[in-house]
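First up is the structure itself, then whatever we jot down about it.
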Protein chains: 2
Amino acid sequence: MTHNTAPPTDLTFWSFVDYAVQKAERELPSVDAEAMRMVLTLNRATSMVIYDLESSVHRPRGLTWPGFRVIFALWLAGPMEAKTTAEISGMSRAALSALLNTLERDGLIVRERAEHDRRALQLSLTEAGYGAILGGFRAHNRRESAWAEALEPEERRELVRLLNKLMAGSTTAQAKFRS
Amino acid sequence: MTHNTAPPTDLTFWSFVDYAVQKAERELPSVDAEAMRMVLTLNRATSMVIYDLESSVHRPRGLTWPGFRVIFALWLAGPMEAKTTAEISGMSRAALSALLNTLERDGLIVRERAEHDRRALQLSLTEAGYGAILGGFRAHNRRESAWAEALEPEERRELVRLLNKLMAGSTTAQAKFRS
DNA sequence: TCCAAATCATCAAAGGTTTGATTAATTGGG
DNA sequence: CCCAATTAATCAAACCTTTGATGATTTGGA
C-alpha cells in the first residue's frame, strides 16, 4: 500500500480528476488513463448539471429529478404505456412503479389499465401534471441555456456528436442495459 | 394541450432525444432546442455508462456506485478528512455520513476522530477496503476502456476538453453546487 | 475571557433505485 | 384447445440522497 506521498490538501471536485489519473498511473501502471479521465470527467460534468437543475428548478417546485423526467416524457410522448415511459425516461419498470405512486398521489398523472392488454398500464398527465411540466420545463430550459452558453454553437454540436458516438459504441462495448 | 399527433410507437431511450427536441419546439416555440439537446444527450450518455459500470462491475462485487466512489477517493487521496472525501467524491456531507455506515459495517473503511479538531472525522481504508478497490478498479477500468474505444484518441481528448469547458462555465451560469 | 457565530457531523423523514421474488394476463406450440 | 413459457406490473428489503434540524467544537471579536 503506497499512501506515502501526501495528496494536495486543496483537492476539489474539479481538480481531483487530474490528481486521480496521475496517481492511478503510478499506482497501477497498466491503467488506461485516457479512458479513466474521460469517464471521470463525463460523470462530474453531468453530476454538476443535474444537481443544478434539480436543486434550483425542480425541487423548489415540488418535483424530484426522476419525477420531472417522467412528467416530461408524458408531456412530449403523450398518453402511453408504462413500459414505454420507463424505457424512454431511462428507469427500470420497478423504479417507475414506485415513482408513479408519488406522482399519482400528488395528482400529476393517472394510471389506467390498457384496453388491448389487461396486464399493461396506460399513463397520462392530469391537468395539474400538464401545468407542472409547462412551468417547470420553461425554467429548466433557461438553466440549460445558461449552461450551454459556456460553449460555442459549434462546440455544442461537436459535444452532442461525440456523446452520440459514445452511446452508439455501447453495442460494441457489450454494455449492460437497464431491463 | 396538443396531444393530437401520435408519437412514434417505437421510441427508445436513444431515439427519444430527437423526438423530444422536435416536439418541444412545436409545443413551445421559445425553447432553446440546442441547449435542450445537449443536456438531454449528456444525461443519457452518462446514465448508460454508469449503469453499465455499476451493474456489471461493482454490484456483483458487493459495492454500490456511491460506495465505489468513496473507496476510490480514499485509495487515491489517502487517509483524509470526511469533509474532503465528500467534496471530491461529489456528495453532500449528510449523504456521506449515511454511506459510511455501510462501508464501515462491511469493514472497508475506518472512521476516527481527527486529532487537530475533535469535530472532524478522519477516514482511511482497511486492508479489505484496499483489496476491494484494487480488484474493483481494474475491472472498472477495463469497462472504461471498452467504452472509450468508441471514439478516436483525438475525439476522446476533445470530449474531455468540451466537458471541462462546460464545467468551467458553471461559474458564469451561476449554477448551484452541492453543499 | 467569554459568548455568539461558524463549522463538522449526524439524525430524521420522505423519496427513488436495485435486485430478486410474486401475481396476473397473454401467447404459442403440441 | 390447453398448459407451459413469456410478459407486465408490483412488492420487499437494503441502500443512497435530499432538505432541514440538532449536537458538539472551535473561532473570533467585544
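Below, chains carry the letters A, B, ... as their sequence lines are ordered, and counting in each starts from 1.
Checked by distance alone, A/Arg59 brings no side-chain donor or acceptor within 3.5 Å of a matching partner on the base of D/dT18. Looking at A/Arg119, its side chain has no donor and acceptor atom pair within 3.5 Å of the base of C/dT26.
Taking the six-membered ring where tryptophan is involved, the planes of A/Trp75 and A/Phe137 are tilted, since the angle between them lies from 30° to 60°.
Rounded to whole angstrom, the span from the CG atom of A/Leu99 across to the P atom of D/dC16 amounts to 20 Å. Straight-line distance from the OH atom of B/Tyr51 to the C1' atom of C/dT18: 8 Å, rounded to whole Å. Going from atom CZ of B/Phe177 over to atom P of D/dT17 covers 19 Å, rounded to whole Å. We find that NE2 of A/His58 is positioned 17 Å from C1' of D/dT19, with the value rounded to whole Å. The nearest whole Å value for the distance from the CZ atom in B/Phe68 to the P atom in D/dC15 is 19 Å. Taking atom CE of residue B/Met91 and atom C1' of nucleotide D/dT19, one finds them 17 Å apart after rounding to whole Å. Put simply, CD1 on A/Ile50 is 13 Å from C1' on D/dT17, counting in whole angstrom units. What separates CG of B/Leu100 from P of D/dT17 is a distance of 10 Å, to the nearest Å.
Distance from the side chain of B/Pro66 is smallest to D/dT17 among D/dA9, D/dT17, D/dA24. Here the nucleotide nearest the side chain of B/Asp117, chosen from C/dT18, D/dT18, D/dT25, is D/dT25. The side chain of B/Arg178 sits closest to D/dT17 out of D/dT17, D/dT10, C/dT10. With distances taken from any side-chain atom of A/Lys83 to the nucleotides D/dT18, D/dT19, D/dA9, the minimum falls on D/dA9. Closest contact between the side chain of A/Ala95 and the listed nucleotides C/dA9, D/dT17, C/dT17 involves C/dT17.
Proximity of a side-chain donor or acceptor of B/Arg44 to a complementary backbone N or O of B/Phe13 within less than 3.5 Å is detected. A side-chain donor-acceptor contact under 3.5 Å links B/Asn43 to the backbone of B/Val39.
A donor-acceptor contact under 3.5 angstrom links the side chains of A/Ser47 and B/Arg178, judged on distance only.
The local environment of NZ in B/Lys83 is sparse, with at most 12 non-hydrogen atoms from other residues, nucleotides or ligands closer than 6.0 Å.
Residue contacts for B/Ala120: at a heavy-atom cut-off of 4.0 Å it reaches the sugar-phosphate backbone alone, with no base atom in range. If you check every strand for non-hydrogen atoms under 4.0 Å, B/Arg118 touches sugar and phosphate atoms only.
For the pair B/Ala94 and B/Thr102, nearest-nucleotide mapping onto DNA chain D gives the more 5' position to B/Thr102. In terms of position along DNA chain D, the nucleotide closest to A/Asn101 lies nearer the 5' end than the nucleotide closest to the other residue of the pair B/Gly90 and A/Asn101.
The phosphate of D/dA9 (OP1 or OP2) has a side-chain N or O of A/Arg93 nearer than 4.0 angstrom. The phosphate of C/dT18 (OP1 or OP2) has a side-chain N or O of A/Ser92 nearer than 4.0 angstrom.
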